[in-house]
**Student:** 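Here's a structure for you.
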Amino acid sequence: MSETPELPDEGVSRRNFLVSGTTFAMAGGLAAGYGTFAFLGARFLYQTDDGKKAWMFVTDVESLKEGDSFDYRTPEGAGVTLARKGSGKTAEDFVALSSVCPHLGCQVHWEAQNDRFFCPCHNGAFDAAGEPIAGPPKDANQPLTRFPLKVVGTLLYILVPLNVSTANASCCPSSSRNI
Ligand code: FES
C-alpha cells in the first residue's frame, strides 16, 4: 500500500495565497469598477427639486489655470464660455456666460487681446463679466446670460436648464439625486 505524499506546507500556503489573491483581485476589480461607475454617475448630474434644472459636473478646479477658458455645451445644446478669473477655489473664481448674443442670437466669442466678448453680427461687445459695453446689447442693456456655478470639494458644477427629454436621455438618471 502506497502512501499518499503530503504536500509541503509551503505549497499549500502558496496555492491558498494564489486562490485568495485571485479572489481579492476579482473583488477589488469589481469594487473599483462599480465605485468608478458610481462616482462618474454621481458627479455627472444633480437635478433640482423641480427637475427643470440640474447641476452638471464641469471639471476639477485644479485643471483650469487662472485666465483659462473653454467652451462648454449644456445638455440642451446651448453654448457656454467658462473661464477661471481668480486663483481661489470658490465659485466666485469662475464665470460661466452664454455664448449666444442676447440681441438677435448670434454667436459671441472671447477676444483675449481686447478683454471682451464680441458679437460680429452688429458689433456688440461685452466685458469679461458679460455686461454690455457696445452695440445694440449696450443700447438695450442686455448682458450675456450668466450660469450659476458651485464648487463641491474640488469639483466645479454648473446649473443648466434640463428639459424632460434631456433628463430622460441623460446618461445616469438612476444616479441623479435631488439637492
Ligand atoms: Fe449680437 Fe446683434 S446679434 S449684436
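Computed from heavy atoms alone, side chains included, the values below leave out hydrogens, waters and symmetry copies. Atoms within each ligand, like the ligands themselves, are counted from 1 in listed order.
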**Student:** I need the protein N, O or S atoms closer than 2.8 Å to atom 2 (Fe) of ligand 1, given as residue plus atom name.
**Tutor:**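 Those protein N, O or S atoms (cut-off: under 2.8 Å from atom 2 (Fe) of ligand 1) are His103 ND1, His122 ND1.
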**Student:** Evaluate the side-chain proximity of Trp55 to Pro148: yes if any heavy-atom separation is below 4.5 Å, no if none is.
**Tutor:**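 Yes - at least one pair of side-chain heavy atoms lies under 4.5 Å apart.
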**Student:** For residues Thr90 and Val151, determine if any side-chain heavy atom of one lies less than 4.5 Å from a side-chain heavy atom of the other.
**Tutor:** no
**Student:** For Ser98, enumerate each residue passing the side-chain contact (heavy atoms from CB on, under 4.5 Å) test, keeping only those at least two apart in sequence or located in another chain.
**Tutor:** Val100, Thr145, Phe147
**Student:** Hey, are the side chains of Phe70 and Val58 touching, using non-hydrogen atoms and a 4.5 Å cut-off?
**Tutor:** yes
**Student:** Could you give all pairs that pass the side chain to side chain donor-acceptor pair (under 3.5 Å) test and reach residues 114-126, with sequence neighbours left out?
**Tutor:**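 Residue pairs with at least one partner in residues 114-126: His103-His122, Glu111-Asn114, Glu111-Arg116.
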**Student:** Can you sort out the partners of Ser69 under side-chain hydrogen bond (donor to acceptor under 3.5 Å, both in side chains), two or more places apart, ordered by chain and number?
**Tutor:** none
